[in-house]
Structures are given as C-alpha cells and as structure tokens.
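Worksheet: the structure to be examined is printed underneath.
Just so you know, these numbers use all the heavy atoms, side chains as well, and skip hydrogens, waters and symmetry mates.
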There are 8 protein chains.
Amino acid sequence: GEFAKIDHHRQLRTGFPEVIWGPGKTPDQIAQIMAVMRQRTAVVMATRIESDVYTILQKKVRGLQYFELAKICAIAPPIIEPRFDGIIGILSAGTADLPVAEEAAVTAELSGFRVQRLWDVGVAGIHRLLSNRHLLESVNVLIVVAGMEGALPSVVAGLADCPVIAVPTSIGYGASFGGLAPLLTMLNSCAAGVGVVNIDNGFGAAVLAGQILRTCEKLR
Amino acid sequence: GEFAKIDHHRQLRTGFPEVIWGPGKTPDQIAQIMAVMRQRTAVVMATRIESDVYTILQKKVRGLQYFELAKICAIAPPIIEPRFDGIIGILSAGTADLPVAEEAAVTAELSGFRVQRLWDVGVAGIHRLLSNRHLLESVNVLIVVAGMEGALPSVVAGLADCPVIAVPTSIGYGASFGGLAPLLTMLNSCAAGVGVVNIDNGFGAAVLAGQILRTCEKLR
Amino acid sequence: GEFAKIDHHRQLRTGFPEVIWGPGKTPDQIAQIMAVMRQRTAVVMATRIESDVYTILQKKVRGLQYFELAKICAIAPPIIEPRFDGIIGILSAGTADLPVAEEAAVTAELSGFRVQRLWDVGVAGIHRLLSNRHLLESVNVLIVVAGMEGALPSVVAGLADCPVIAVPTSIGYGASFGGLAPLLTMLNSCAAGVGVVNIDNGFGAAVLAGQILRTCEKLR
Amino acid sequence: GEFAKIDHHRQLRTGFPEVIWGPGKTPDQIAQIMAVMRQRTAVVMATRIESDVYTILQKKVRGLQYFELAKICAIAPPIIEPRFDGIIGILSAGTADLPVAEEAAVTAELSGFRVQRLWDVGVAGIHRLLSNRHLLESVNVLIVVAGMEGALPSVVAGLADCPVIAVPTSIGYGASFGGLAPLLTMLNSCAAGVGVVNIDNGFGAAVLAGQILRTCEKLR
Amino acid sequence: GEFAKIDHHRQLRTGFPEVIWGPGKTPDQIAQIMAVMRQRTAVVMATRIESDVYTILQKKVRGLQYFELAKICAIAPPIIEPRFDGIIGILSAGTADLPVAEEAAVTAELSGFRVQRLWDVGVAGIHRLLSNRHLLESVNVLIVVAGMEGALPSVVAGLADCPVIAVPTSIGYGASFGGLAPLLTMLNSCAAGVGVVNIDNGFGAAVLAGQILRTCEKLR
Amino acid sequence: GEFAKIDHHRQLRTGFPEVIWGPGKTPDQIAQIMAVMRQRTAVVMATRIESDVYTILQKKVRGLQYFELAKICAIAPPIIEPRFDGIIGILSAGTADLPVAEEAAVTAELSGFRVQRLWDVGVAGIHRLLSNRHLLESVNVLIVVAGMEGALPSVVAGLADCPVIAVPTSIGYGASFGGLAPLLTMLNSCAAGVGVVNIDNGFGAAVLAGQILRTCEKLR
Amino acid sequence: GEFAKIDHHRQLRTGFPEVIWGPGKTPDQIAQIMAVMRQRTAVVMATRIESDVYTILQKKVRGLQYFELAKICAIAPPIIEPRFDGIIGILSAGTADLPVAEEAAVTAELSGFRVQRLWDVGVAGIHRLLSNRHLLESVNVLIVVAGMEGALPSVVAGLADCPVIAVPTSIGYGASFGGLAPLLTMLNSCAAGVGVVNIDNGFGAAVLAGQILRTCEKLR
Amino acid sequence: GEFAKIDHHRQLRTGFPEVIWGPGKTPDQIAQIMAVMRQRTAVVMATRIESDVYTILQKKVRGLQYFELAKICAIAPPIIEPRFDGIIGILSAGTADLPVAEEAAVTAELSGFRVQRLWDVGVAGIHRLLSNRHLLESVNVLIVVAGMEGALPSVVAGLADCPVIAVPTSIGYGASFGGLAPLLTMLNSCAAGVGVVNIDNGFGAAVLAGQILRTCEKLR
Ligand SMILES: Nc1ncnc2c1ncn2[C@@H]1O[C@H](COP(=O)(O)O)[C@@H](O)[C@H]1O
Ligand SMILES: Nc1ncnc2c1ncn2[C@@H]1O[C@H](COP(=O)(O)O)[C@@H](O)[C@H]1O
Ligand SMILES: Nc1ncnc2c1ncn2[C@@H]1O[C@H](COP(=O)(O)O)[C@@H](O)[C@H]1O
Ligand SMILES: Nc1ncnc2c1ncn2[C@@H]1O[C@H](COP(=O)(O)O)[C@@H](O)[C@H]1O
Ligand SMILES: [Mg+2]
Ligand SMILES: [Mg+2]
Ligand SMILES: [Mg+2]
Ligand SMILES: [Mg+2]
Ligand SMILES: [Mg+2]
Ligand SMILES: [Mg+2]
Ligand SMILES: [Mg+2]
Ligand SMILES: [Mg+2]
C-alpha cells in the first residue's frame, strides 16, 4: 500500500527482515503489509498484537500463527530449525516479566536461533540464580529481563563470561515510573559489558542477540 | 542566637539531640549554635563540614574533633562507649561510596551504638558479599550504601534476617542523574523490608538504625 | 509451575515468606502458586487483588479470604494470634489513603504482629495528631501513610521516640505526579530517622516494621 | 540605555515599580538602569546582587545601600516609614533559609510594609511554631519560607486565619533536586489557601503580600 | 465515622470549613461525612464529584445541589448572599478551562464572596483581554485560569493593581505533560506578585482569594 | 585534520555553510578547522566562544573578528551587504536575554540577512510590545527570545502576520530548570504557527529565519 | 455563546482564522461556535474530533465534512483551489505517524496550500528517503513527522535547501515517554534550521508552513 | 587496602579484569589499588583520570602510561598485540565526542582487540557516513558515539550487518539535559539490534564489544 514503504532489502543489508510493529496500525493495514511481505520473506512477523486484533487478522491472513504470551503473530513454517550456531539464554526476574521475555524468545526462535529459557530468578532470592550457574556458562549470549528495580542484569554480568543484553520492563508501580527505574538501573550497571534496550523491548533484545551470533558465524 | 531556635528537647522527645546541618550556614553561625548546645548536650555534632570550614571552626570552638572522611565535626568525649545493645552493620558497594558510609558509621558511634563495617562488596562481584554472609547474620540492623545502579540493598534484603536501611549515593555519572538511579532502584526493591533515605544521607540512616536499637531496648 | 520458582526458603533466610504480587499475573498463575505454597506455609498471601480477580480466585482456591479495602487475598487461620511483642502503630493522613494503610495493617496482622490504627490525622488539622500523642508513645514502630504533600511523617518523626516508616500514596492530582510529591517530601524530611518505601507500598512498610520487631525479639 | 526599556509606568499600573533582577546583567548595565530609574522613583532596588558585584556598583552608584544577607542593593531613604496598614509575618523553617526569607523581608520593608520575622520554626520541632501561635494571629498575611521537604506552609495554613504565601528554597540536597521537592510539597498542600511562588523567590512573595495589603487599603 | 476525623474547628481556626475531596472516597463515605458535617456547618461542600457519583449521592443526601460544570455537590441555602466586601474576578484563557474556572467560582460563591467571570480571553488574541481592562480594575483579587502554555497570568499581573492567583490546568497535550507546562510558566512569571496553586485546583484558588478578602475585612 | 570531516558541500546542499560549534573543542582544533574552511568559504564562523578562548584564537587565526555579546568569532569581510530581500525582526523579552538574541542577530547578519532588533519588551509590561506593533508589521519573519516563563512568543504570534521562531533561554532560576520552563511554554503556545528551537539556540533560529527568506527568494 | 470569545479578527491580524480545538469542549459547544464562525469565515475547522463526536456533530451542523485519518471536521467548499504559490512537502517516518501527518496535510489544504505527501521513509531504511531526494528539492517548505527516536528531521535538514518544521509524535513506547524522546531529538538536531512544534501538533506545523509561504507571497 | 576488595577473579569469571573507576577516589587510593593489581594482572587500567591526577599518580606508580584524550591511565606493555579475531569499528558523530570515543578505543586496544576509528560522521552530513559504507562492512561489531540528538546509531543500525553498540554523550546544551536527549534517542531507535550504554560510557561499550568478539572466539 501507499501508506507503507516496505523495506525489502533490510534482510540483505542487516541480516534481519523488516518486522511489523502493531500499535498505531489498523488491522487492515497490518494485513495488507503482511500480504506484500509474504511474497518475499519466508517468515513474516508482527509484534504487540493483542488477542482481539489477532481475531480480526486471522480472518484476513491465511495460515497466521499466534504466540499469545509473546503477543506475536507470524506467518511461518510449523517448525523452524535453528540456522545459526550458539545459544541465546533468556532470563526473567519475575513471573510478571514473562510477556516481554517471551517476546524475545519467540522472536529469536522465529529468526532461526536456539533459545534456553530460565524464568523467575530475581535477586530477592539470589540462590535461584546461583543454582543455575551452569546455564550461564552453557550459552553464548544472555538476555536478562527484569522489572521493579531491575538489578538482575548487574548480578548476571558480574558472573557471566558472555555478552549481556538487559531489558527493563514496565512491571512495577509507583516510583518505577513505567519502567524508568529498571532502565536507569541497567544503564548504570557497575558490572561492565551490559547493552540496554528500550523498556519492554524483548524484540530488540532478540535482534541484538541474533546479530551477535550472526557476526560470530561470519568470523568463523 | 536569634537566627536559630535550638530544639533542646528533641532528645527527650525523640531520643536523638538536634544535629547541625552545615551547608548554608556561616562558620560563625555554626560556632554560635555549638556554643549554646554544648551547655546542654554531651555530644554536639555538625555534618557536611568541608575541611576548610573545619579549619575556621577549630579556632572558634574549643576541643573540636574532625572526622575527615565522614565530614563530621563533633564536640565529644575522646572515647564513646556503646550505650545500647545490638550491632549496626554498614556495607558499601564501592570505594567511592566511603564518605557516605562513614557519615553513617561516625554518626552511629557518636550516638552510642556499636558498628561493624564492610566496604566494597558491590554486586559486580557478588562473591565478595556471599563470602561475608556470617557478618549479615551477626548484626541486628543493616545500613547498605550504594551508588551507580544501587542494586546491593535488594540482594542483601533477600539474604538478611534483620531490617535493611538503603542509602543511595550520588556516586556515578550520566544516567545516574545525581543519585536518582540508585534511589529509584532502592525504592523499587523486589525484596521487601527495605527503608530508603535521601541520596547521600548517611546521617539519617544512622539515626533510623539507632531508633531501631533504642526501640528494642525499650521492648526488653 | 515452570513459570515461577517459589522461594520456599525465604522465611528461613529473612523471617518472612514470599508473598504473591498480583499485577501482571493471570488468576490461573496466582491459583497455581497458591496451591504450591499452601503445602509449605501456614499463611499464604497475595496483594493488589482487585475484587473481580478475587471472584475468580475464590472458585479455584479453597478457603480463600479477602480483605476488600486492603485488596489482599489470603489463606490463613480464621484468627491469628500475635506472635511477637511490640505494637505497630499505623497512621493515615486522609480518608482516601485508607487502602494503602489497610494493606500495611492486614499484612502486619497476617504476619503475626499487633497493630494500632489511627486514620485521618493529616497536618491540615494538626490538633488531630497532637490530641493522639499518647498513641505515638504507646507503640514501638510507626508506619505513616500520606498522599497529597505527604508532610505527616516529618511532623510525626519530630514527636515520636521510635522508628518511623513513611509511605507516600498516589492520592492527589496535578503536581502530585502520581505520588512523586509526597515521595520527595518524605525523602527530604527535616526530621531524621525516617525510612521511606515505594509509593502505595503498604506491604513493604509492614514487612520492614515486622523486621524491626523481630530483630528486637532476637536481641532480647 | 537601548538594551533596556524601563517600565516607568509599572508603579502606576500595578502599584509596584520595576525592580532590577541582577543575574545576567553586567554591573555597568545595572548602574545605567539605576541612574535612569532614580530620576523617577523614590526607591530603586536590585535583587540577587553578590557582594563582589556590590563592590563594583557602589563605586558607580551614589548612596547605594547593601543588605548583605538578602543580597539586595537599594537607593532609598535611610529610614522607610511603613505606608500601609497591616503586618506581613515572615516565617523560615531553618537557619539556612534566611537569605530567601530576608529577600522577602527587605523587599517588603523597602516597599513600605511592616514586617514581623520568625526564624527557624520548621516542623521537626513543631512546638517552636505552636508556642508562637499568637504571632500567626497578629499578622495579616503570612510568608512561609522552607527548604528540605517544605512542610511548614501546610501546617501553618491549617492554623492561620489569613492568606499564606509559600516560598520553597533550594536548601537541601539529593532528592531535593534544587528545590523541586519543597515546591511540589507546597503545591500539593492539603490545607487550602496557599499561594506558591518560584523556588528562592522571596522577592515575588513580598510583592504578592504587598499587593494583598494594598488591595485591603483600597477596599477600606 | 471512624474512617474520618472531621475537622469541625477548621472554620474557627482558618475561616473556612473543611471541604470533602471526592476522589478516593466511596459514595457511602461521602454521604456519611456530609451527614455529620451538616449538623454543624451551614454550607457543606464536596469537590470533584462526577455526575454518576452525584446520582448515587442525591439518593442518600437530602437537598443536595449539583453544579455540573464545576463538579461540586453542596448542601446550601438556595440563595447565598455575599457576606464579604470586595469582588473576586475570575478569568479563563480558553473554553476548555471552564470546569476549573467554575470550580473556583462556585467555591467562592458558596463561601459568601461576590464573583465576576470573564471567559476565553487567552493571549492568542490579546485584544480580548485588553478590551476588558475595566474589569481588571473593578475587582479586588484576580484568579487567572489557563492551560496550554499558561501565559495569561503573567500578562494580567503586568496590568492589574491587585493580587493575582494563577491556576494552571491540565488542558493541553504533548509537551504540556498534564499541566506541568502552564505550572512552570506561572511559577516563573516575569511579572511579580503571582501566587500559584496546584494544577486544576480551582478550589484552592478560591479559598486563597477568600482569605485575602477576609483579611481585608479584619483590617478595616 | 583527521579529527574532523568538514562538510564542504553543506552550503550547496542546504544554503548554509558548516559553522564551528565551540564547546568541547580545543582552541587548536578550532584554529585548524578554520584554516581549512577559509580556503573555501567567504565567511567562517564559530559560536559559543568565551573571551579567553578568543584571546588564544586571535593569535592563531589571522583577521579574526569577535562579537563579544554574541560570543561569535568570524573570519569575514569588514562590511557584509545583505544579499537577500526581507527583514528578520529579533525581539528579546529581557535585558539578560541579550547574548542569545545577539547570537541570532550576528549569525543572520554574517549570513547576508537584514536584521531589525527590539530588546526588552517582555510581557510584564505588554505596552512595550504594543507600542512597537509597526515593527511587527514591517518584518518578514520574527525571532522571539525569552527566558523566565517565555510567554512573549505566544503574544507575538497572536499579533504578527508572519512566521514566528521562538527561542527559550536559560535565563531564570528555580523552577525554570535551566530553560525547561520557557521551552515548554513555547511548545504549548496557544497561538499557532510558532516553531521552537533549543534553549539558548540563537544560532539555529537565525538559520531557520534565513532559510525562510531564501525559500522566498527561490519562489520569486 | 458566552463561554467563548471568538477571535474574528485573527485572520486579519495573522492571516489564519481561529480553529476550534476539540478536546475539553462538549459537542454542543463546538456546534455553537461553528454556527457563529460560519457566518464570517469561508472555512471553519475543528481538530482532534473523534469519530463518535463527529457522529453527533453532523446532526447539528449542516454540510459538515470529516477527514477521518486526520480527525478534522470542516465546513468548507467541496474543492479548495490552492490560493498560494509554493508547495508544502510532508514526510512521515512510519505508517503509525499518519494521523499526525494527515492533520498537517488537511489543515494546509483547507487553508489554501498545495501539499506533497511522502509516507514511511524513516531512517531505519535511509535509502527510502535518499531515493526521493528529488521531492525534497521540488518543495518550498518541509514538514517532517516522526515518532520513536525522531531522527528523520535531522537527516532531512542536512539534505534539504528549504525550511524544515519537525513534528514529534507520541508513537512509541517505554522510554519514548509519550513523545518526549523524539521531541528532545528534534530540539537538539545537529543540523541547523529546524523549527519544532508540540508533540502530535500537525495542525501547528501546517500553520507555520503556511505562514512561510504567505510571507513569501508578500515579499514578491 | 581495607577500603577496597579487589575482584581478582573477575577476569576468570567474565573475561575482563576489574578496572579502576577514578572519580571519588583519592590519588593515594588509586595508587594503592594499582600496586596490588599489578601483581596479578598484565594490564592495569584506571578511567576518568584528569591530567592533574595523572601528574600525581605518575610519581607514585612506576611505568604509568597516560592516554590524554581518553583520560585513561594504564600499566601495560609498550605494544599490545591483538589477541582476538575480529575488528571493533568505532564511529563518532562529532569532533567534540572524541574523548568518549577514545575511551572506548583505548579500552578495547588495551584489552587486546583490533580497532578501526571513523570520526565526525554525524547525520547533518549523511554523505560522510555513506561514503564510508565499506568500513561498516569490514568490521564485526560497531560502537557508535554521538551527542546532541544522537541520531547516528539508528542510521548505522539500518545499514550495518553486525551488532551496534550506542554511546550517548553529554556533548550538547539546553534540552540535551546532560545527555538525556541522545540517550532516549538511542533507546527508541527504530532500527532494531542496538544495545545502549550509559551516557559517556565509552569504557562499557568497549567491554561489551570485546565480550562479543570473545564469545565468537569460543563458538569457533
Ligand atoms: N478540589 C480540591 N482540591 C484540593 N483540595 C481540596 C479540594 N476539595 C477539598 N479539598 C481539601 O481536601 C481536604 C479533605 O481531604 P480528605 O480528608 O481526604 O477528605 C479538605 O481539608 C479540603 O480542604
Ligand atoms: N529576585 C527576583 N525574583 C524574581 N523576579 C525578580 C526579582 N528581582 C526582580 N525581578 C523581576 O525581574 C524583572 C526584570 O527583568 P529584566 O527584564 O531582565 O530586567 C522585573 O520586572 C522584576 O519584576
Ligand atoms: N490541533 C490543534 N493543536 C494545537 N492548537 C490548536 C489545534 N486546533 C486548534 N488549535 C488552536 O486552539 C485555539 C482554540 O482554543 P479554544 O479557545 O479553547 O477553542 C485556536 O486559536 C487554534 O489556533
Ligand atoms: N569509565 C567507566 N565507566 C563505567 N564503569 C567503569 C569505568 N571504569 C571502571 N568502571 C567499573 O567500575 C568498577 C570499579 O568501581 P570501584 O569499586 O568504585 O573502583 C569496576 O568494576 C569497573 O568495571
Ligand atoms: Mg517470583
Ligand atoms: Mg570496588
Ligand atoms: Mg480528612
Ligand atoms: Mg534549625
Ligand atoms: Mg477560545
Ligand atoms: Mg527589563
Ligand atoms: Mg514502516
Ligand atoms: Mg563536525
């Protein structure tokens, strides 16, 4: 459609195809963009799709899958074999952070990466993390999702021997100010080597993690 | 002096005498207030006294002590025996947080409390804290001082079996915004039971810790 | 469930069991966590439960109680005898602050502490507080809940001879900025010895107050 | 000079002559504006004049007075008899707030109003205010100056039977954020009838108080 | 009720009776407080009452009036004769600011003051104000209500020979940040003698204006 | 030098040559960049040059001019004839805003535009502006510079029949927050057609005004 | 109506008639204002009109048009011939920014200007902009609409040889803080000559662009 | 020293040794920590060392090197051969961003990585970047340093086929708010796959980039 200029070469330039960001688009616009994109790309993804929008979309888009917790719609083969070496470990601090953590996990899997999940290991009970240290050692890049005070990535980065991507979430209240608190926490991490993405941006974290494994592929 | 109404009954009402807050007062005003207070109180304290102000003060105030790192001036007996049961444990995350941590420690000691210090145990190397867990167990109230992202109090509160008082510091830069980052971190702590004081407010933390031990004294 | 790693040892480590934070969890997740926890803990609590969520939960969880004003669900014996010495005094500045004040009160009572309530004694009519000074003297720790400008804890801390925990609330409008105004007020209290918790965090205030009475118990 | 368009009719329009705001002007510009204004106005005032600027100014401006604490320079008769009925009561919460409180007091006196000062009566020792309640009753408008948490105006407005003007000061540190904390406190006052001026704006408070007494004069 | 400590002496102390602030109270609580207050006060007022709350209240409270635009409920005599000399002029910058301006106007009238309204005279068409300058001269205190950039009070204060009370409103969008923009504008007014109240606080402005006229009454 | 990639084609692309922004560069770096640029451009400009930096620069750069109030250094012909039709009117609200207003004026004049200045016409004395309305009508684009509450551009835009560019300044204190207050004021202007530039950015305002006159030139 | 003072001379003074801002007005108020305005102005416009408000309005206002995407209601001739020379180019960074971009486009067209649209050319795929450089060269003023990080205007202003008006949108999430992020981006543009309007203010951008073309008309 | 607990195992755990953060430490403390660390680590680094601190340090620490632009002190072999495959590309938007960009470059080189620098390629002249696209393709991870509006990383991430690390700088003024503007820009990047570090944190960016190349090494 005229309202969108789909960036067909993005995959060629950056390794990742354009992904549709749902908010602020009508279901019709999303369906039309998907129709154009599916002619060129094997996997077409849209993020931030509420279930009622999915209900409309599935009538317009043939073969549309829905990952409810992650709020992701996709046109994709039923099974996606990992196409890249390496594992992306994804940690969440609490149960309420799961939608963001799953946005990261599903994005990574649909993009051809292997994912290892570890949920609810926040610092209030640090032993939950420490008793899973082997996991930190068996992955090649870590995505750490946390709301409230967002302290988990600092602790993880002090323990892990791989790049750490921190995702603040809007889970919290009061002086969390919509995720500002964990965002600042992560940016000020006293453990070095932490890259931060936007509040609730599981998608962006997965792309960065994927870029890291792709750059390794090329270095091999 | 007319410019100040000294609150001589504060100790009676709240257990702690008034303490002079240095900033915004001339050395002369401080000296005059000290002169009046020393007639009524055994220990007279002033906080946030830079060394050049101390140099002026010591000429006007007989027997004035100076705790340089803590930036505290005091008229006090040479040795202060602890007058209350219990121990206040004070932790700092980094070396640069020492002035604030010492403000807390010196305030507590001058007020008749026993203090146990543990410096530089920030979360970037969590083993430094974990290998000192016995200390957490041997104290009755904890003051945890941290700048940068301020994650230490959350971790401590998840481990300790006593009240935790968190003190954010202005140590950091950029998105620390003068200590806002660790302040928000501590207010949003996912471990419950953490009381937060103002940025760099080691003094207030010591008074609260002291109030806790005093209330225990009365409950006995 | 896999989505949650319940921290069964938290009570052993810190004296307080894990408590379920309602927001961002499905009723199903809450019910499942409760089912696991009730096998280990005498009292299972969930906070921030709206009445419609309770309606769903009570069908899934046998013997669930609901404290409507406090928005707390609990599996607990019908009567809970105080297990600790000392009294937690809880003050509210206005009528509209009651939900937060009750969150603190119910949490404390379910945890085995004795509570003394005093509502609607804000500083606009300071005599309401002054005529209740005996109450300030008969308790061992004070929780002071206030919205709008949040001045009450400063005044109380200048009068009381025990630790003061300040809870800012989101009650207010305009330049309250969702509770930021009373939060800053409390952090900047000119009366020392005030520990502040997050906006609307009655729960955290109660845990801190409880920690204080528990530490006294151990010191005895 | 061309760089300034002096508003000679301001006194006619609003009852108060223009006053020179010092910051951002060179001593030369200030001296030139004063030279022009003294030909038309009995009292010429400049605020926010540091003592080193005064040293330069006094060489250029004949008969210049300096109120050091208030940082006000004035060309004025040696004694100014009050020209209006009524008394402006000015309260300060702490000793460090004096410069702002004196800016208000000197402005009011130079403008022909009677002033009653009461310093250092902040809420940490509320009895200092309560034992001066007679003063609150003997004045016709109150200016209340406070830094730190800025709670004093709320308490005063709940006690006083006259208009209350609140002046937040930048005295404080950390989460005071340069006076933001007391500013928000005063704007959210749960006691109604409080008018707030800018942080440290003793001058503006005095003008508003003066306007109130002038409007009374006209109503008589 | 126990949930509220009605401040029956507020009128004696401050000249104004307590007024019920609606938000955060149940209709039942409001009705109960009104029932107690009507036994002592001639006029009982509640602010911020949405029309659906009024519908419930009118069934519980006999003779309740509703001022829809102002969102004020009152028990009051049908006609209230002004009991004080002087006139409160109320200006609004735009049509959308009317609810706040009417909150001020109705509060003032119910409290026994004479009011003169002037709506929609914002600075985008400054002639609308200038052609009403006689009004500025015929009143004794001015309340100026403005949203968006909130420039009107500065202009008015440069023209008017009486106290000016500025009320920022939350009318606007984007970088208004809920009324922060006009609030800051009014606090930084280059015309002196402006007292500012909270965003949307027409009520507080009316109480301050009333206090001014009352203090004049006493000075006579 | 290697540390800078001078954008020689900027004038071709956008009509304006690159201008050196002084802060964060060493005098040496500035001198080297000037040396390269003077070989290609008739007028070389650097902004935000403090007088002590100029003192160093003038020894390294032949024929360097300094506009002290504007803090601009330039290599330029002694007299610059206007090369474009139309007049840029520049207004300042106060005397203290002159450095920013002059930055705009000098930039415009060095770039070949005709400038009309009008200083110190802020809204506290609106007649100063109204008595200069002929000026508003004789120019083709207006730059309005204001600090404090920054209300002037709104008033001007309601009167003027040409584009208005608003420049907030950092002149002010307290709740000005370094110019945030006038910035928000200008962005929320209730008079439409106001384009805002960064705080203190007289330079950027002049470039935009120049672009407007240049686009007119091309349309002719 | 009495609630509004319509500014009939605004068109004479500034070239643009008053436009009704919908939010905060009842449909009835809007209809009444339109009824008065249509007697004097050829085109009557109201912005920010949701479709349900339009449904009510169309029953009260004869011949009302609705531009759904732009949320603009208008009484206007069916076809509006451009009355001014020059073209306003309007760019949007993403599809979700279209409502704001269309508010600008429709306002401009209804005001008699020629518009050239270019949608979805954000910097994530910069070639989409670069391959449309001819468009940048064929217009006389550019409006650039962008949410998220809002980088597009900087890039455009570095390429275009005409004035650039930047419109930040509230499209985004998390650290966008309701459009604050792109607003700051645009204000700090390293390319000079960018005038910024309020977040989502397509209307204001169109008026400014129109003023530019009108001033050119007068210069001819 | 007792004041510091050096984290000797950090290199073992995370691949990078502890690095001394200069601010808030006395030269003596820094020298003592260096003395301890040099016994265990081949390269000892301290960041944020002003030249006057270096002058003191070099007298206490044998063989200390100083990288002036980067403000880094190091004990290191004269030449450090790259120990890891891959290249870290470092881009700066402006000349004034060089100190931050060099902090990244020197950290990376001292840690054994190969670095490729590209300075002054900001978006105001986008061709400077586009004409260096081959460089983007020849590196394996990119660090992009930008102040002002910070748009460069978005554009780069839309072009590059490798991970992008964005470093906002405090270069700018006014609405940059100390680097907040570019920080928000980078967090909201519409191009995915950007990891952000703290304002001016060149050090942290280099560690993250190094972690990426190290993880590739392990994957090989
Ligand atoms: N619209 C209003 N804005 C600000 N304060 C109000 C308003 N209406 C009533 N109040 C004040 O709110 C207080 C009542 O608070 P509460 O105890 O929560 O009912 C009273 O003392 C009133 O002075
Ligand atoms: N201390 C002060 N605080 C706030 N405003 C002041 C102060 N002193 C003078 N003013 C105002 O500043 C204006 C002068 O600003 P200017 O145009 O820069 O000379 C006058 O109109 C005074 O009303
Ligand atoms: N979408 C809009 N954004 C900003 N200002 C607008 C908008 N629509 C109309 N306006 C302005 O709002 C003013 C009307 O305000 P009011 O008196 O409340 O109707 C008019 O002068 C218009 O210039
Ligand atoms: N320039 C820098 N920015 C951020 N963190 C740093 C910097 N330099 C060193 N660090 C970290 O700061 C920590 C040292 O803190 P401290 O214990 O105060 O010396 C080390 O763990 C480093 O990882
Ligand atoms: Mg959990
Ligand atoms: Mg350390
Ligand atoms: Mg009440
Ligand atoms: Mg005092
Ligand atoms: Mg209007
Ligand atoms: Mg002036
Ligand atoms: Mg798109
Ligand atoms: Mg450059």
TODO: Examine whether an atom of E:L183 lies under 4.5 Å from a heavy atom of chain F, and if so say whether it belongs to the side chain, the backbone or both; otherwise answer neither.
DONE: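 Neither the backbone nor the side chain of E:L183 comes within 4.5 Å of chain F.
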
Open item on the list: Let's test your reading of the structure: which of F:G158, F:G172, F:G122 forms the most heavy-atom pairs below 4.5 Å with chain E?
Closed with: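 Top count of heavy-atom pairs under 4.5 Å with chain E: F:G158.
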
Task: Pick from E:P182, E:A151, E:A181 with the largest number of heavy-atom pairs that fall under 4.5 Å of chain F - done: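 Most heavy-atom pairs within the cutoff with chain F belong to E:A181.
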
Open item on the list: Is there a side-chain hydrogen bond (donor to acceptor under 3.5 Å, both in side chains) between F:S170 and F:D200? Walk through the geometry before answering.
Closed with: CA-CA 6 Å; F:S170 55; F:D200 292 334; 2.7 Å; yes

Open item on the list: Please classify the contact of F:A175 with chain E as side chain, backbone, both or neither, using a heavy-atom distance under 4.5 Å.
Closed with: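 It is both, since atoms from each part get that close.
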
Open item on the list: If the threshold is 4.0 Å, N to carboxylate O, is there a salt bridge linking E:E18 and E:K5?
Closed with: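 Result for this pair is no, no salt bridge flagged.
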
Task: F:E102 with F:K71: basic N within carboxylate O range, under 4.0 Å - done: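 No, this pair does not count.
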
Open item on the list: Nearest 0.5 Å, please: how far is CD1 in F:I199 from CZ in F:F177?
Closed with: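 Here the interatomic distance stands at 12.0 Å.
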
